Chemist: 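Can you keep this structure in mind? I'll have questions shortly.
Keep in mind the model is a prediction, meaning the values are calculated, not measured. Atoms within a ligand are numbered from 1 in the order they appear, just like the ligands themselves. Residues: numbered from 1 along the sequence shown.
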Amino acid sequence: MKKDVHWIDAKLVFIQTKIKENIKVHGNLFPEPASVHLNYKFGENVSWTPSFWTGMMWLSYELTGEAIYRQVIEAHLESFNQRLKLDIEMDNHDIGFYFSLSHIPEYRLNHASDSRKIIVAAADKLVVRYLDVAGIIQAWGDPDDSENRGRIIIDCNMNLCLLYEAYQITGDRSYYDKAYAHIKNAQKYLVREDNSTHHTYYFDSETGEPLRGTTAQGYSDSSCWSRGQAWAVYGFALNYLYTDDESLLETALANADYFLRYLPEDDVPYWDLYFTSGDEYRDTSAGSILACGLLELAKHLPITDERRSQYEETAYSIVRSLSEHYTTEGEAVNGFVKHAVYSIPNDLGIDECCLWGDYYYYEALVRLRKVWKPYW
Ligand code: GLY
């Protein structure tokens, strides 16, 4: 792809300047999942999102080598270590997010032996959620939680990377087998005939019988939640990388092609693919995740496959559109990318900055600018 990438440097400076301003005011604290009037409140390492802030430190440190980021990373590594030890909000699949953007980069880039142990301990915590009878990792709640028992979600595709990493570290194949069983069930049941996705799917936790697809954050049970579809594209692509199962690559490509058919004129998706025009809310975070997924997929397509340049070009135009029309550049607020949606059905973070959206926007810029080895 021969594109002008010089504008990207200015966007990287915008992000790094704002990160530093936030560090100056909030030190090693973490932003909450979504902003309020585009300003994040900062606090402790809780909820499912704090590692996206750590991930932004890692990207900044990799790009600049500046000590300020390393200092925050060190505090965050200890914070995630404590979170694991003290068992703070560990009853969910998001454990993968926590460690994929904290101790996994530390282990991969700096070969830290403490991080190696912590990654395995975190994976041990995640596999507790595995329901043998169904071959799935329950997303939310404990096994007695009647609303969430036997329920998987498409977002979990991203979190299986922690299990593959633990397998690579320990040689214990059971981590891999559980991740692989889960992703095959996700492929079979979360992906619909037309290659859109359910957000969530229920299995009978006693018998393992597949029951029904539903949504938690989308417009309806039969619509396609944009961020879920973006998690599908990126997540199936990553699972292909760890397993070499070509069918997972095919699924990721089919999910991507479905998504691209529903992108509006400016390439920034609405919060649910049910909407393709008009004044409905966008979800810029879904656009950024999709851009990262498309760039990852493009790497695995032969040069002769026309989807390769199509995906690169679409990712470029999503990120360009976000950069030109959706960032907080020039505004006195502490968030980065506007017009994201956390959850409309739960009335959370609507038309705000969302921390994962800021992270993936940054990751997408980095992916467009240089050859970058993912943390995932
Ligand atoms: N993984 C939670 C979300 O995308 O809202």
Chemist: For ligand 1, give me the residues whose heavy-atom distance to it is below 4.0 Å, by chain and number please.
Modeler: Trp48, Asp155, Gln217, Trp225, Arg227, Trp231, Tyr342

Chemist: State whether the side chain of Trp58 and the backbone N or O of Ser102 hold a donor-acceptor pair below 3.5 Å, judged by distance alone.
Modeler: yes

Chemist: Output side-chain donor-acceptor pairs under 3.5 Å for residues 112-124, partner residues at least two apart or in another chain, one line each.
Modeler:
| unit_1 | atom_1 | unit_2 | atom_2 | d |
| --- | --- | --- | --- | --- |
| Ser115 | OG | His103 | ND1 | 2.9 |
| Arg116 | NH2 | Ile169 | O | 3.4 |
| Asp124 | OD1 | Tyr175 | OH | 2.5 |

Chemist: Tell me which one of Glu106, Glu165, Glu62 satisfies side chain to side chain donor-acceptor pair (under 3.5 Å) with Tyr375.
Modeler: Glu62

Chemist: Determine whether the side chains of Asp272 and Tyr281 contain a donor N or O and an acceptor N or O closer than 3.5 Å.
Modeler: no

Chemist: Can you check whether Phe97 and Trp48 have ring centres sitting under 6.0 Å from each other?
Modeler: yes

Chemist: Please confirm whether Trp231 and Tyr360 have ring centers closer than 6.0 angstrom.
Modeler: yes

